[in-house]
Amino acid sequence: MTTPQLWTNRYRPKKREDFVGNEQAVEELEKWIKSWRKKPPKKRAAFLYGPPGIGKTSVAQVLAREHDYRLVEINASDTRNKGSIEETLGKAVKQNVTLFGQKRMVLLDEMDGLSGQQDRGGVSAVSKIIDQTTSPMILIANTIEENMQDRFRAILKKVKSIEFKPVSSAQIVSKLEFISEDQGIPVHPDVLMEIAMKSNGDLRSATNDLETIASGKKTVSPDDLTVIGRRDRLESTHNILNKIFTSRDFREARRTINQSMIKYDDLYEWIYENIPIVLDDPYERLEALEALSRADIYQKRARTNDYRLLKYFFDLMTGGIAFARKNSKGEGYRDQLNAAIMGAGFTPSLISTINVPEGIMVKPNRWLGKDKWAKLNTSLRGLGARWVYGKNVWMLPYYREPQAKWRFIRTYHARRRMKSVTRRLAAKTHTSSAKARNEILPLLRHMIRRNEGIYDDLSTWMLDAPKKKLDHLRYMTFAKKPRDFVSLENYSKYKQREMKKRIDNIAKETETDLRNIERWLADEKKNASWSK
Amino acid sequence: MSSGMWTEKYRPQALDDIVNQRDIISRLKTFVTEKNIPHLLLVGPAGVGKTTSILALAQDLYGPSYRNFVLELNASDERGINVIRDKVKNYARTAAMASSVSFKIIIMDEADHLTGDAQHALRRTMEVYTKTARFCLIGNYSENIIDPIQSRCSVFRYGSLDEADIRDRLTLISEKENLQIVDEGLDALFQASGGDLRKAINMLQAASANGELVDDISVYSLLGSIRPDRVQTMIQLALDGKFLESREALRGILINQGMAPEDIIRITYREIMRHKSLTEQKKVRLSDIIGEVDYRLTQGARPEIQLSTLLGHLSLVGDETR
């Protein structure tokens with residue numbers, strides 16, 4: 001019987017392979033740790049910074065253990081003033097070996113807790129200790145690049161700064177998948193995606209959310225998402241969209257930018273998603289799209305030139321939409337809904353549709369039969385509707401969630417696989433990837449699905465990577481120049497290391513390609529007419 | 001030993017094996033005997049032997065290890081200025097070692113897809129590294145290649161292949177592969193390929209995959225079983241006023257398929273211009289609209305929005321037509 005443990009602790013990385021994302025940062029840190037082997041390097045502290053929940057502390061802990069250091073962890077937010085920092089930290093760094101002869105490494109976590117009025121001198125105390133230390137020090141701060149200069153100026157020159165970036169949604173989804181499998185709780189993929197998107201790259205908060213939703217349950221369906229505040233966000237967004245799409249008042253529409261609970265970039269995506277659904281008249285639809293199109297250009301200009309241009313972006317994405325609607329009744333959804341009902345072979349008398357505040361309620365007037373229900377369910381789900389258990393109705397919200405991002409995440413693995421396949425095919429047939437994919441791949445697929453002999457032959461052919469001499473790599477430009485090194489010998493060593501890295505990267509890429517191509521071939525085999 | 005795709009298996013390996021484009025081939029052969037070539041620009045329609053002839057030239061020039069002296073780049077995959085700065089320059093400035101020829105060859109396929117900036121960067125590179133590298137640019141249209149580059153190259157214009165050339169080649173392959181093919185099959189392959197030999201050979205291989213006789217019916221059923229071009233589908237949906245469906249198709253192309261927005265707009269333009277049921281007047285109007293959207297793609301941050309706007313225009317034009 002194990003004691004219950006928070007999932008964030010339980011699934012904290014235990015070894016190097018468990019890390020998700022930030023490969024480069026991990027490598028950099030490891031290199032710095034290795035540089036301590038003979039004597040203390042020039043930079044005696046590593047400064048890990050980045051948003052919360054992406055594994056900075058875990059990485060430090062795991063690497064310390066793997067390199068045989070005893071990690072002394074000090075939480076900066078507990079020892080807040082100069083005196084106490086000098087006391088606790090000073091002691092830790094002066095003795096670089098523990099009583100049992102193990103090397104020490106000092107971890108100073110939550111450095112961002114240091115700044116502020118009552119911590120006067122906190123950062124400068126740390127700075128002094130860096131000068132004296134004989135043990136490797138790792139400093140961690142939850143901060144982003146822009147805020148760093150002011151707060152940590154005193155130490156930035158003395159430390160090796162390593163940036164940690166938010167983890168990609170796709171990587172979060174696959175970690176969450178792993179957790180749900182490990183817990184034996186099947187979780188609907190939409191739920192995993194919603195959690196991943198909401199987390200903004202914070203793996204810890206995503207894991208927490210998953211625990212909140214899933215723990216103690218047998219299965220998790222999209223309805224369970226209400227627990228994590230998705231509902232409030234959706235309701236408020238629906239109200240905002242209502243204002244933008246139905247308002248005849250520019251100021252009212254424009255104000256929504258400040259009222260929105262979601263970021264304006266996300267609001268923009270919501271508007272874009274729903275234009276063709278609300279505006280069924282082709283003229284009005286085009287006018288609204290034109291407004292968004294020009295808004296997009298203003299935003300890009302604002303980013304590259306001057307942020308004061310951003311107001312035109314806001315004007316066009318709110319007012320531009322509000323005034324596009326003239327005759328449309330805003331019932332694009334209802335038309336689609338009717339089409340879906342008719343398309344599934346039902347007469348409107350069998351199904352009633354009722355407008356309620358949250359959207360359109362679709363109610364079967366009598367038992368439809370399992371097959372017919374399933375058919376209708378598929379087409380309604382395609383529109384964004386959900387079957388509400390207990391009430392036995394479908395709910396179709398008036399506004400559809402932006403689909404592009406989801407599609408992007410959902411197709412992550414398929415896209416990477418496809419990229420490897422087309423890259424190989426393009427290299428083998430001396431064409432571009434685009435041509436390989438559009439022109440050659442459909443024919444290739446046609447043959448291998450029809451003939452086992454051809455499948456065997458072509459899979460050997462695809463898996464055989466063309467070998468090339470890589471000697472031109474040696475002449476590539478290097479980031480550092482000879483003047484950055486004390487001796488030419490060191491410079492040439494540096495160049496050799498870089499070379500090796502490049503060759504390794506190419507080997508790694510080839511290996512990934514190989515794996516992806518193998519998976520693709522296996523999939524094709526499953527779909528082949530001869531294997532059935 | 002696997003034989004792979006027939007386009008590769010039967011790709012002529014030496015200049016002597018190439019039967020058509022006789023004038024060009026004889027010029028290329030003199031380059032081999034002199035062991036020197038100028039910068040080359042090969043233009044012409046798809047599947048007429050441009051890449052084949054330059055690869056054959058490289059094999060004649062360097063022998064079987066020619067791959068070590070040739071850098072093949074595809075400009076439509078790597079079209080930005082960075083490719084020129086990094087890959088090309090670094091490859092270009094090293095001499096060809098262990099070869100009787102002092103230079104290497106850099107093949108830039110689909111060079112007409114290079115951005116203007118990249119072409120300007122290339123122009124300088126071509127001059128500076130003439131000692132160690134020769135460039136061979138390949139493209140469909142010479143208009144898209146800036147004049148300074150054209151003036152540095154010997155330009156070879158490839159004509160389209162005769163029907164007889166294509167039929168001969170297909171017959172030869174069929175004999176070697178022990179296929180049964182009838183005249184109607186050859187006709188259908190030629191028609192469907194539009195004079196593109198690569199396409200014709202690929203289709204021959206696919207049509208014969210079930211091991212049965214290749215005739216017109218098997219060719220057309222092959223064409224029918226392969227999904228129609230996705231961009232065409234998207235355009236037609238928009239013109240039919242099915243905006244939502246066409247937007248989904250656009251997402252399929254942009255996201256699932258990963259096609260570059262510039263390529264989508266290029267193909268859209270091509271398809272609109274050869275669309276059968278649009279009037280000339282509408283085509284002129286659409287050219288203006290596509291041009292504007294193409295420009296906005298370079299100015300904006302969200303390609304999908306810009307392309308969707310184009311779909312909005314298309315569905316309006318379609319609406320007027322109906």
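All values below come from the heavy atoms of this structure, side chains included, with hydrogens, waters and symmetry mates left out. Throughout, a chain's letter reflects where its sequence line sits, starting with A, and its residues are numbered from 1.
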Any side-chain heavy-atom pair of [X] and [Y] under 4.5 Å:
X: B:Gln257; Y: A:Met418; answer: no
X: A:Lys300; Y: B:Arg302; answer: no
X: A:Lys428; Y: B:Met5; answer: no
X: A:Leu443; Y: B:Lys199; answer: no
X: A:His446; Y: B:Gln205; answer: no

(request) Answer yes if the side chains of B:Arg198 and A:Thr431 hold a donor-acceptor pair under 3.5 Å, and no otherwise. (result) no

Neighbour count >12 (heavy atoms, 6.0 Å) for atom [atom1], [X]:
X: A:Lys326; atom1: NZ; answer: yes
X: B:Tyr10; atom1: OH; answer: yes
X: A:Lys525; atom1: NZ; answer: no
X: A:Arg416; atom1: CZ; answer: no

Counting only non-hydrogen atoms closer than 4.5 Å, does [X] touch chain A with its backbone (N, CA, C, O), its side chain (CB onward), both, or neither?
X: B:Glu8; answer: side chain
X: B:Glu292; answer: neither
X: B:Thr298; answer: backbone
X: B:Asp319; answer: side chain

Portion of [X] that has a non-hydrogen atom of chain B nearer than 4.5 angstrom:
X: A:Phe313; answer: side chain
X: A:Lys419; answer: neither
X: A:Gln299; answer: side chain
X: A:Ile454; answer: side chain
X: A:Arg437; answer: side chain
X: A:Arg303; answer: side chain
X: A:Ile297; answer: both
X: A:Ala414; answer: neither

Among the listed options [options], the residue most often paired with chain B at heavy-atom distances under 4.5 Å:
options: A:Leu425, A:Asn438, A:Thr422; result: A:Asn438
options: A:Lys435, A:Arg410, A:Arg450; result: A:Lys435
options: A:Asn451, A:Thr429, A:Leu292; result: A:Thr429
options: A:Tyr298, A:Tyr283, A:Phe408, A:Tyr268; result: A:Tyr268

(request) Walk me through it: do B:Arg247 and A:Glu273 pass the test side chain to side chain contact (heavy atoms under 4.5 Å, CB included)? (result) CA-CA 10 Å; B:Arg247 184 172 74 172; A:Glu273 186 68 41; 3.1 Å; yes

(request) Would you mind telling me which of B:Leu311, B:Leu316, B:Leu314 makes a side chain to side chain contact (heavy atoms under 4.5 Å, CB included) with A:Leu286? (result) B:Leu316

(request) Decide yes or no on side chain to side chain contact (heavy atoms under 4.5 Å, CB included) for B:Glu304 and A:Glu269, but give the supporting numbers first. (result) CA-CA 11 Å; B:Glu304 191 189 324; A:Glu269 294 295 332; 5.8 Å; no

(message) Please check this pair: side chain of A:Glu290 against backbone of B:Thr309, looking for a donor-acceptor N/O pair closer than 3.5 Å.
(response) no

(request) Could you list the residues that satisfy side chain to side chain contact (heavy atoms under 4.5 Å, CB included) with B:Thr51, not counting sequence neighbours? (result) A:His430, B:Arg11, B:Leu55, B:Asp109, B:Ile138

Got a second to check how far [X]'s [atom1] is from [Y]'s [atom2], nearest 0.5 Å?
X: A:Ile275; Y: B:Phe243; atom1: CD1; atom2: CZ; result: 8.0 Å
X: A:Arg285; Y: B:His313; atom1: CZ; atom2: NE2; result: 11.5 Å
X: A:Leu289; Y: B:Leu307; atom1: CG; atom2: CG; result: 11.5 Å

(request) Grab the two heavy atoms, one from B:Ile255 and one from A:Arg415, that are nearest each other, plus how far apart they are. (result) O-CD, 2.8 Å

Among [options], which residue has the highest count of heavy-atom pairs closer than 4.5 Å to chain A?
options: B:Asn210, B:Leu244, B:Thr52; result: B:Leu244
options: B:Thr7, B:Asn202, B:Asn256; result: B:Asn256
options: B:Ala209, B:Gly318, B:Gly312; result: B:Ala209

(request) Take A:Ser432 and B:His113 through the test side chain to side chain contact (heavy atoms under 4.5 Å, CB included) and record every step on the way to the result. (result) CA-CA 11 Å; A:Ser432 64; B:His113 291 214; over 6 Å; no

